Amino acid sequence: MYRTNSCGELRKSDEGKNVTLSGWIHKYRNLGGLVFFDLRDRYGITQIIFDPNSLGENIMETANRCRNEYVVTISGIVRVKPEPNKNLSTGEIEIAADNIFIENASKTPPFNFLDGKSDAKEDLRLQYRYIDLRSTKMTQNLLIRHKVTMAVRNYLSDKGFIEIETPTFSKSTPEGARDYLVPSRLYPGMFYALPQSPQIYKQLLMVAGQDRYFQIARCYRDEDSRKDRQPEFTQIDIEQSFATQDEIFALTEGMFADLFGKAVGVELKIPFERLTYKEAMDDYGVDKPDLRYGLKLKNITDITRNSNFQVFKDAPCVKYLAVEEIENFSRKRIGEYEDYAKHLGAKGLAFTKFIGGKLEGGISKFLSDDEAAGIISSSGMKKDGLIFFGAGKEDMANKVLGAVRIRIAEELKLYDSDEYRFCWITDFPLFTYNDEEGRWEAMHHMFTMPRPEHLDNMLNGRDLGNILGQLYDLVGNGVELASGSIRIHDPEIQEKVFTILGMPKEEYESKFGFMLNAFRYGAPPHGGIAPGLDRLIAMLCKEDSIRDVIAFPKSKNQNCLMMDTPSQVSPEQLEEVSISIVKEK
RNA sequence: GGUCCGGUAGUUCAAUCUGGUUAGAGCACCUGCCUGUCACGCAGGAAGUUGCGAGUUCGAGUCUCGUCCGGACCGCCA
């Protein structure tokens, strides 16, 4: 037998028991006579003591031979320590060993994790992921992830949802992200695509009468990674028939409240706040505002339209961001914000100081008294501070000030990292115009139903830029955590959307004919949502990157540093799938 | 595709701005001592292709260019 107990469970009440424990030597301390081990497994750490007064030479010799990360099985008697270790839950007891067996030795580990987190840089941690995951923090992250998926499955199952798996060998579809392709052996030159989401399958499950579906679904998008984006990631994919937007919201809110409680013991306030897309963009410059702090943007285009300041006069949109804080803003610091704005694509970042009730410095000398008065009164500033301006096209002003707002909040620590503020963003535009390609694109995806009052305009191709969709995002602390919509279930409306997106009938019939056809056999109204599991877990674990909540993530450049993937395959394998490699020069 | 940061002992960093003796320190590792430690302690020791390749220079870890790897951001991500 390897073990009778885990390394995290024995307490004072177990005193006198004969036990056997197996695990890793977390830290060995050899005092010359006495030898102490901290023995670790996933459940905790228990101290083991080897006493030469009561043990034979061969046992002491084995104990002396051990090193950190050796895997051992020891047996002995639980006894109360003379002085407890208050840092351990098992700190009141120790095991007086009477035997030890070395299951496996270990080379000296490439890094340590004695204080709960690996002390190495990320590339080394990823190369030795099987060691990194032994750390308390990573073990805890994986446990929280498990608790969340269990809570989600139980919650949704209780609400009548059933988990249904959908294929990972799917069909490449136009628009959206770049697909990962899988060559077909049986059909040379043909490819499957890995799904960017199970979107179409779950809609067809609704047509199939399955009514309430969910899936912890792996999704694949061949785009550049970020700390919150991996080429493969996981969604909690949900779809429901005969559902309104409000019902989807209530379902999601209940699920989040449930899983926050079960995974990390946090009580969420529901229902969540709601903002329209326009409100979010106007006030925060982004479609995923962090509501834990204010710092709202103000629009003064009406005031600056006739400005003597040429930059403002020429700008179709002028907004500003007022910060009631000036001590921390040296000229050098302001310069860093200007560089940041330029990095984001702006020409610059105009600013002025607000001191003693007046605008001073920066661009203040270019502003008329009326403009200054308008800015001061609209800002509502009471203390001295700094005002940043974004001037130009509206999306650029929003992009720059929205990003500066976030950076200022981070640097001035304007929020409590223990607080959770969720909000729904609603009423997104259905279509956005792509200037470069000169065509309309779907803002979310091409299966979203327009708002009922805009349906007529859409069917007639009128005023496309102002058509709003039954389309929503869930945002928490400035992170987009979920996205969803009420879908189109009418084949004629769906055909119209394909047409607006520039697809000829032959194209959409060949690519989506099966879906249109399905809609002609009695498709129920339906809608759903898909929370991103990785980002949600990262938030619960207070991790900055989703790489820290995925067991085996890819690096920035989509490599697995542990397995060294991607890798070459044999010419025979390529031959079988009719692929030849074109050498790059 | 672009901008930026980093790569020095097993590891985390210093030395780089301002080129100049033998590239240092903590932890880890090895040896010895040590019977109540709990990140044990004490003494000693070993450990380096400064990512790689060119260039400038009397001389390069340090400056320049290229390249590879890791990371942040922009583009991209229905």
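Side chains included, hydrogens not; waters and symmetry mates left out as well; all remaining heavy atoms used. Sequence lines set the chain letters: A, B, ... in the order given, protein chains first and strands last, and positions in each chain run from 1. Just so it is clear, the structure is predicted and the values come from calculations on it, not from any experiment.
The residue among L561(A) and D51(A) whose nearest nucleotide of RNA chain B is located toward the 5' end is D51(A). Mapping L34(A) and Q196(A) onto RNA chain B by nearest heavy atom places L34(A) closer to the 5' end of the strand.
Look at the C1' atom in both G55(B) and C74(B): the space between them is 32 Å, to the nearest Å. Taking atom P in both C13(B) and U18(B), one finds a spacing of 24 Å when rounded to whole Å. Nucleotides A15(B) and A72(B) place their P atoms 24 Å apart, quoted to the nearest Å. Nucleotides C27(B) and A23(B) place their P atoms 22 Å apart, quoted to the nearest Å. One P atom belongs to G24(B), the other to A46(B), and the distance between them is 13 Å to the nearest Å. Separation of the P atoms belonging to C33(B) and C69(B) is 49 Å when rounded to the nearest angstrom. Nucleotides G1(B) and C58(B) have their P atoms positioned 39 Å apart, rounded to a whole Å. Nucleotides G75(B) and G2(B), compared at atom P, are 16 Å apart to the nearest Å.
For A54(B), the paired nucleotide is U64(B), the pair qualifying as Watson-Crick or G-U wobble because both relevant distances are below 3.5 Å. The partner of U31(B), taking Watson-Crick or G-U wobble pairs whose two distances both stay under 3.5 Å, is A43(B). With a 3.5 Å ceiling on both atom-pair distances, G36(B) lacks any Watson-Crick or G-U wobble partner. Across all strands shown, G26(B) is found opposite U11(B) as a Watson-Crick or G-U wobble partner, with both distances under 3.5 Å. Of the nucleotides present, U3(B) is the one that pairs with A72(B) by Watson-Crick or G-U wobble criteria, both distances under 3.5 Å. In this structure, G19(B) makes no Watson-Crick or G-U wobble pair, since no nucleotide meets both defining distances under 3.5 angstrom.
Backbone-only contact: R547(A) has heavy atoms under 4.0 Å from sugar-phosphate atoms and none from a base. Contact annotation for S545(A): no contact, since no heavy-atom pair falls under 4.0 Å across all strands. Across all strands, R226(A) comes closer than 4.0 Å to base atoms (heavy-atom distances). Heavy atoms of K399(A) sit under 4.0 angstrom from primed sugar atoms or phosphate atoms, though from no base atom. Note on R439(A): nothing from the nucleic acid sits closer than 4.0 angstrom, heavy atoms only. In this structure, E94(A) reaches the bases: a heavy-atom distance under 4.0 Å links it to at least one base atom across the strands shown.
Both tests do not hold together for R221(A) against F233(A): distance to the six-membered ring centre under 6.0 Å, angle to the ring axis within 45°. Stacking of R125(A) on the aromatic ring of F111(A) is not recorded, the 6.0 Å distance cut-off and the 45° axial limit not both being met.
Taking the six-membered ring for Trp, F36(A) and Y28(A) have ring centres at least 6.0 Å apart. Aromatic rings of F37(A) and F50(A) (six-membered ring for Trp) have centroids within the 6.0 Å cut-off, being under it.
Checking each of N85(A), T46(A), L88(A), D14(A) against I93(A) for a side chain to side chain contact (heavy atoms under 4.5 Å, CB included) leaves exactly one that passes, namely T46(A).
Under 3.5 Å, the side chain of R178(A) and the base of G75(B) form no donor-acceptor pair of N or O atoms. A donor-acceptor contact under 3.5 Å links the side chain of R229(A) to the base of C76(B). Between the side chain of H343(A) and the base of C73(B), at least one donor-acceptor pair of N or O atoms lies under 3.5 Å. Interface remark: the D224(A) side chain does form a donor-acceptor pair with the G75(B) base, using a distance-only criterion of under 3.5 Å.
Side-chain contact between V78(A) and I95(A) is present, with heavy atoms from C-beta onward closer than 4.5 Å.
Computed from coordinates, the D222(A) CG to C76(B) P distance equals 16 Å when rounded to whole Å. Summarising the geometry, the separation between CD on E223(A) and P on G1(B) is reported as 13 Å, rounded to the nearest angstrom. Between the CZ atom of R129(A) and the C1' atom of G70(B) there is a distance of 14 Å, given to the nearest Å. To the nearest angstrom, C1' of C77(B) lies 14 Å from CG of D534(A). Distance CD (E122(A)) to C1' (A72(B)): 12 Å, rounded to an integer number of Å. Here the P atom of nucleotide C68(B) and the CG atom of N559(A) are 12 Å apart, to the nearest Å. When the C1' atom of A72(B) is taken as reference, atom CD of E411(A) falls 14 Å away, rounded to whole Å. Per the geometry, CE belonging to M396(A) stands 10 Å off C1' belonging to C74(B), to the nearest Å.
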key: L536(A) vs I236(A), side-chain contact (heavy atoms from CB on, under 4.5 Å): CA-CA, chis, key distance, verdict   = CA-CA 10 Å; L536(A) 171 61; I236(A) 306 166; 4.3 Å; yes
task = Determine, step by step, whether S6(A) and D41(A) satisfy the side-chain hydrogen bond (donor to acceptor under 3.5 Å, both in side chains) criterion, reporting the C-alpha distance in whole Å, the side-chain angles of both residues, the deciding distance to 0.1 Å, and the verdict.
result = CA-CA 7 Å; S6(A) 79; D41(A) 62 15; 4.5 Å; no
request  = Output, in order, the C-alpha distance, side-chain angles, deciding distance and verdict of side-chain contact (heavy atoms from CB on, under 4.5 Å) for R11(A) and S89(A).
outcome  = CA-CA 8 Å; R11(A) 296 290 185 275; S89(A) 57; 3.6 Å; yes
request  = Kindly determine whether Y180(A) and F191(A) satisfy ring-ring contact (aromatic ring centres under 6.0 Å, His included), including the steps that lead there.
outcome  = CA-CA 10 Å; Y180(A) 277 100; F191(A) 295 84; over 10 Å; no
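R178(A) and Q196(A) share no side-chain donor-acceptor pair at under 3.5 Å.
Using cut-offs of 30° and 60° on the angle between ring planes, the pair Y472(A) and W424(A) is perpendicular.
Out of C76(B), U35(B), U12(B), the shortest distance to the side chain of P52(A) is found at U35(B).
Put simply, N557(A) has a side-chain N or O that comes within less than 4.0 Å of OP1 or OP2 on G70(B).
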Output a table of nitrogen or oxygen pairs between the protein and nucleotides 5-10 of chain B separated by less than 3.5 Å.
none

Atom pairs, N/O to N/O, protein against nucleotides 38-40 of chain B, distance under 3.5 Å?
from	atom 1	to	atom 2	distance (Å)
C38(B)	O4'	R29(A)	NE	3.2
C38(B)	O2'	N85(A)	ND2	3.4
C38(B)	O2	Q47(A)	OE1	3.1
C38(B)	O2	K81(A)	NZ	2.7
C38(B)	O2	N85(A)	ND2	3.3
C38(B)	N3	K81(A)	NZ	2.6
C38(B)	N4	E83(A)	O	3.1
C40(B)	OP1	K27(A)	NZ	3.1
C40(B)	OP2	R29(A)	NH1	2.4
C40(B)	N4	N30(A)	O	2.7

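With respect to E61(A) and R65(A), a salt bridge is recorded, a charged nitrogen being found less than 4.0 Å from a carboxylate O.
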